[in-house]
Amino acid sequence: MKILITGGAGFIGSNFTGLMLKKYPKYKITVFDALTYASNPDTIIEFKKYPNFSFIKGDIRDIAAVDKAVSGKDAVVHFAAESHVDRSILDPGIFVDTNVRGTMNMLEAAKNHSIKKFIHISTDEVYGSVKKGKSVETDMLEPTSPYAASKTSSDLIALAYFKTFNLPVIVTRSSNNFGPYQHPEKFIPLFITNAIEGKDLPLYGDGKQVRNWIYVEDNCAAIETVFRKGKPGEVYNVGGNVEEPNILVAGTIIKQLKKPASIMKFVKDRLAHDRRYALSSAKIKKLGWKPKYTFTEALKLTINWYVINKNWWSALKGKAFKDYFKKAYK
Ligand code: NAD
Ligand code: DAU
């Protein structure tokens with residue numbers, strides 16, 4: 001089996017690639033990634049020790065490069081995307097180009113090369129903010145941010161390729177991931193690394209927004225389960241087993257790193273900030289998957305990982321990162 005993984009140098013994609021390389025030494029795994037600011041080229045270097053691994057530096061917006069990469073493969077797992085909500089508020093255009101057009105290029109190449117399995121990685125943000133209960137796969141899609149709207153578009157285009165062309169597409173919609181190798185612009189790694197550096201932790205609005213956190217290893221196991229047992233044309237929610245307001249997560253990080261509570265600072269809220277995400281994972285659980293980690297143990301593991309791997313994240317908090325934050329807080 002030859003598998004193409006797009007976005008395999010990013011947070012979830014690199015965790016998933018690591019899992020697949022270890023679990024399937026006989027499969028040939030190729031990562032296709034543009035190595036944007038969000039990527040982690042060091043993991044690609046680490047993967048080169050596996051004889052079944054290869055890497056293509058390429059952009060999903062480039063039709064010819066995509067076509068060449070997909071040619072000869074049996075399956076595609078499509079992670080590559082612009083992934084940060086705050087950046088989509090500052091600069092929506094690239095989210096449409098990459099997430100919508102880029103995904104469409106992937107699907108078109110998959111159709112032309114008769115790909116046998118296409119897993120599209122979507123998100124719980126397609127459901128929008130959830131007042132009560134939990135989102136199920138058949139709920140109406142009501143995305144809020146340009147990021148979420150671009151992901152909703154790509155999710156629906158992927159399903160259209162199943163309905164129209166019978167391309168064997170499967171969609172996973174997961175909740176907020178956290179764990180090793182997540183870029184420090186995102187909430188949990190930003191707060192951990194800021195606390196380690198003795199900087200303030202900028203909590204948006206009243207800090208009572210709720211996210212349905214999932215440890216990245218659990219999400220990767222879910223994607224692998226869907227890869228083996230998922231049914232073409234179906235959507236699978238992948239949620240963690242906890243709903244936690246940001247302010248409590250921040251408090252736990254501060255406590256574990258033995259920092260004063262005063263480093264937590266309330267700042268201007270994100271525009272159109274979704275209040276709550278909550279997923280029902282009943283459907284994927286019928287395939288035999290369930291999360292292995294509790295939120296408490298996974299957060300502890302994650303904090304320890306960032307304490308030990310300062311070299312990895314401090315390289316990502318350089319000038320470009322500081323310039324982005326200046327723009328974001330204007
Ligand atoms: P990430 O930002 O950490 O990584 C994205 C990867 O995609 C990077 O390696 C980047 O270089 C690559 N990439 C970006 N634009 C590209 C392009 N034009 N061509 C080729 N490669 C490109 O993202 P992540 O958090 O790992 O998310 C991966 C996927 O999972 C995304 O599709 C995201 O929407 C989805 N998702 C993320 C979460 C989460 O909590 N992080 C939750 C649900 C769904
Ligand atoms: O729900 C899945 C989504 O989770 C994915 O599709 C996205 O790719 C991923 O980035 C993530 O989106 P969020 O917007 O939920 O994650 P983020 O880490 O940006 O923020 C988590 C929460 O923390 C959110 O309520 C905003 C808040 N926050 C975030 C930052 C960066 C703060 O209070 N302060 C901050 O500085």
Side-chain angles (χ1 to χ4, degrees), residues 5-16 31-41 43-44 56-62 65-66 69 77-89 94-95 97-99 101-103 105-106 120-127 129 143-145 147-148 150-151 154-155 172-179 181-191 194 200-214 216 219 223 238-240 244-247 249-250 264-270 273-279 325 328-329:
I5 301 178
T6 71
F11 166 47
I12 309 175
S14 63
N15 278 283
F16 180 75
V31 163
F32 182 88
D33 197 297
L35 299 183
T36 70
Y37 83 92
S39 70
N40 173 17
T43 50
I44 296 298
I56 301 168
K57 183 170 188 286
D59 194 317
I60 59 169
R61 293 170 296 176
D62 177 345
V66 163
V77 187
H78 177 44
F79 291 91
E82 287 292 334
S83 68
H84 194 33
V85 173
D86 292 327
R87 286 183 190 261
S88 82
I89 295 168
I94 192 173
F95 284 73
D97 292 346
T98 297
N99 300 357
R101 192 71 216 189
T103 297
N105 294 340
M106 291 302 307
H120 175 72
I121 308 300
S122 187
T123 169
D124 64 355
E125 298 209 9
V126 299
Y127 299 113
S129 198
T144 306
S145 68
Y147 161 73
S150 70
K151 289 295 293 184
S154 56
D155 177 315
T172 68
R173 295 181 185 149
S174 97
S175 58
N176 280 68
N177 286 229
F178 67 103
Y181 297 108
Q182 186 170 29
H183 194 282
E185 69 186 356
K186 304 283 171 35
F187 173 65
I188 287 185
L190 177 72
F191 276 33
N194 275 12
D200 288 344
L201 314 190
L203 207 53
Y204 295 164
D206 62 6
K208 291 189 184 150
Q209 303 81 10
V210 170
R211 294 294 181 264
N212 183 186
W213 295 103
I214 183 167
V216 65
N219 184 28
I223 297 165
V238 184
E244 193 89 337
N246 297 335
I247 193 161
V249 178
M264 189 150 53
K265 294 283 190 301
F266 292 92
V267 300
K268 194 174 80 178
D269 207 352
R270 174 185 279 175
H273 195 168
D274 284 340
R275 197 70 182 161
R276 173 174 176 259
Y277 300 134
L279 284 181
F325 266 89
Y329 282 104

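Order of appearance sets the numbers: ligands from 1, and atoms from 1 within every ligand. Side-chain atoms are counted along with the backbone in the values below, which use heavy atoms only and exclude waters and symmetry mates. In this text the structure is predicted, and so the values were computed from the model without any measurement.
In terms of polar-atom proximity, defined here as any N/O pair under 3.5 Å, Tyr204 does make such a contact with ligand 2. At least one N/O-N/O distance between Arg270 and ligand 2 falls below 3.5 Å. Ligand 1 has no nitrogen or oxygen under 3.5 angstrom from a nitrogen or oxygen of Asn176. In terms of polar-atom proximity, Trp213 is not counted as a contact of ligand 2, lacking any N or O under 3.5 Å from an N or O of the ligand. An N or O contact shorter than 3.5 Å links Asp59 to ligand 1 by distance. An N or O contact shorter than 3.5 Å links Glu125 to ligand 2 by distance. In terms of N/O distances under 3.5 Å, ligand 1 is approached by Ser83. Looking at ligand 1, you won't find any N or O of Phe32 less than 3.5 Å from one of its N or O atoms. Between Tyr277 and ligand 2, not a single N/O pair is under 3.5 Å apart. The N/O atoms of Lys186, backbone and side chain alike, include none that comes under 3.5 Å of an N/O atom in ligand 1. Considering backbone and side-chain atoms alike, Leu203 places every N or O at 3.5 Å or more from each N or O of ligand 2.
For the pair Asp59 and Ala34, the tightest heavy-atom approach, listed with the atom from each and the gap, is CA-CB, 4.1 Å. The nearest pair of heavy atoms linking His120 to Ser154 is NE2-OG, 3.6 Å.
A cation-pi contact links Arg87 to Tyr37, judged by a cut-off of 6.0 Å to the six-membered ring centre and 45° from its axis.
Listed by number with element, the atoms of ligand 2 under 4.0 Å from a non-hydrogen atom of His84 are 19 (O). Counting atoms of ligand 2 from 1 in the listed order, those under 4.0 Å from a heavy atom of Gln209 are 25 (O). Close contacts of ligand 2 with Leu190, meaning ligand atoms under 4.0 Å from a residue heavy atom, involve 36 (O). Below 4.0 Å from some heavy atom of Gly58 lie the following atoms of ligand 1, by number and element: 19 (N), 20 (C).
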- request: Could you go through the salt bridge (Lys or Arg N to Asp or Glu O under 4.0 Å) check for Asp206 and Arg275 one step at a time?
  value: CA-CA 10 Å; Asp206 62 6; Arg275 197 70 182 161; 2.7 Å; yes

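The nearest heavy-atom contact from the protein to atom 43 (C) of ligand 1 is Ser174 OG, 3.2 Å. In terms of protein heavy-atom proximity, atom 29 (C) of ligand 1 is closest to Phe79 O, 3.2 Å. At the shortest separation from atom 35 (C) of ligand 1 among protein heavy atoms lies Ile121 CG2, 3.9 Å. At the shortest separation from atom 13 (N) of ligand 1 among protein heavy atoms lies Thr36 CG2, 4.0 Å. Closest protein heavy atom to atom 33 (C) of ligand 1: Tyr147 OH, 3.5 Å. Of the protein's heavy atoms, Gly10 CA, 3.4 Å lies nearest to atom 4 (O) of ligand 1. Scanning the protein for heavy atoms near atom 40 (O) of ligand 1, the closest one is Asn177 N, 2.8 Å. Of the protein's non-hydrogen atoms, Phe11 N, 3.0 Å is the one closest to atom 3 (O) of ligand 1.
Of all the heavy atoms of Asn177, none lies under 4.0 Å from any atom of ligand 2, so neither backbone nor side chain is involved. The backbone and the side chain of Lys186 each have at least one atom closer than 4.0 Å to an atom of ligand 2 (non-hydrogen atoms only). At a heavy-atom distance under 4.0 Å, only side-chain atoms of Val85, from C-beta outward, approach ligand 2. The parts of Ile60 lying near ligand 1 are both backbone and side chain, judged by heavy-atom distances below 4.0 Å. Neither the backbone nor the side chain of His84 comes within 4.0 Å of ligand 1, counting heavy atoms alone.
Of the options Ala34, Gly13, Ser150, the smallest heavy-atom separation from atom 20 (C) of ligand 1 is shown by Ala34. Looking at Ser122, Ser175, Ala9, it is Ser122 that brings a heavy atom closest to atom 44 (C) of ligand 1. Residue nearest to atom 38 (C) of ligand 1, selected from Asp33, Ile12, Thr123: Ile12 (by heavy-atom distance). Nearest to atom 23 (O) of ligand 2 by heavy-atom distance, out of Phe191, Tyr147, Phe266, Phe187, is Phe187.
Ring geometry for His273 against Tyr204 counts as perpendicular: the plane angle is over 60°, on a 0 to 90° scale with 30° as the lower cut.
Distances from ligand 2 to the non-hydrogen atoms of His273 include at least one value under 4.0 Å. Contact analysis leaves Gly8 out of contact with ligand 1, as no non-hydrogen atom separation drops below 4.0 angstrom. Ser14 does not count as a contact of ligand 1, since none of its heavy atoms falls under 4.0 Å from the ligand. Under the 4.0 angstrom criterion for non-hydrogen atoms, Lys151 is in contact with ligand 1.
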